[in-house]
Amino acid sequence: MKIRRIRSDLLASNMYLVAEDSGVLLIDPCRAFDLPETVRPDFVFLTHEHYDHISGVNLCRDRYGMPVICTARCDERMGNSRTNMARYFEAFCRMQVGLDAEVPADFEPNYVCRADETFEADKEISWRGHRVRLLLLPGHSPGSSGLWIDGHLFSGDSIFARQETVLRFPGGSAVDWEKISLPKLCALPPDTIVYPGHFDPFPLKEWMAYL
Amino acid sequence: MNALNEYNRIFRETFGVSEDALNEDFTFNGVAVWDSVAHMSLISSLEDAFDVMFDVDDILHYGSYFHGIEILKHYGVEF
């Protein structure tokens, strides 16, 4: 299994391609990428509903016919440009980077998209001989989740190395984070490698030590 | 709905402060917990509560408790 990261131009969010045999699954697709004609696009997984992580969903479906999987709450909220934060993205970027920050020209403030398949509880699926665990991880947003496969966790914005999880965006919940997500993450194998929604991968045990 | 009560409730809940704190000193630059993340939460809550859609410039310049009231008045909210 091979993992490739593509850093987007939207707050440098990470998109991941996970390849096995000739198949590939995409995680949090951004707007600008191409897949080689030789690969078979299997499905798209979304870690949460924020615009910088879903901006390529419609492209994936239109260009590659890939089914999109996420939590039911993620699906519901990414269907609205206010709850998926696209409407606030320009202002947020300017506040983060500076008032004169350049926002990508093809940025879509009214962007919405929907999933093809949703889940409301943790589940396991099989993908090209691998056991894939889809874990609800509410806290950063109501629709947050993670994908665990063979000791690799794609965590979206739920965890970062040496950094507290941001739980204060609209819909975020410290209660859900502490009651639901934190115990689940702490029960994962410490040798798991985390592929976060921003920044570089890190060992889960590094995050555990920071708690 | 009393607009000022609702406005104050949103500020109290967003920033975790009491109503006493909501005065001329309650500004983006003067309150540590009023960062860009809290700002987005504030704007989203205000849009929901008052059924308005702020322009980007108004979101960026929503810099204080009192100035926010003036901005909302431009969107037809009566205080």
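For the set A:Q96, A:M85, A:R87, the entry with the most heavy-atom pairs within less than 4.5 Å of chain B is A:R87. With respect to chain A, the highest number of heavy-atom pairs below 4.5 Å among B:D35, B:L42, B:T14 belongs to B:D35.
Heavy atoms only, all atoms of each residue included: A:D28 and A:M15 are closest at O-CB, 3.3 Å.
Neither the backbone nor the side chain of B:D57 comes within contact range of chain A; no heavy atoms are under 4.5 Å apart. Of the two parts of A:R168, the backbone and the side chain both hold a non-hydrogen atom closer than 4.5 Å to a non-hydrogen atom of chain B.
A donor atom on one side chain and an acceptor atom on the other are not found under 3.5 Å apart for B:D58 and B:H74.
Residue B:D51 qualifies as open at atom CG: its count of foreign heavy atoms under 6.0 Å is 12 or below. Within a 6.0 Å sphere centred on CZ of B:R12, heavy atoms belonging to other residues, nucleotides or ligands number more than 12.
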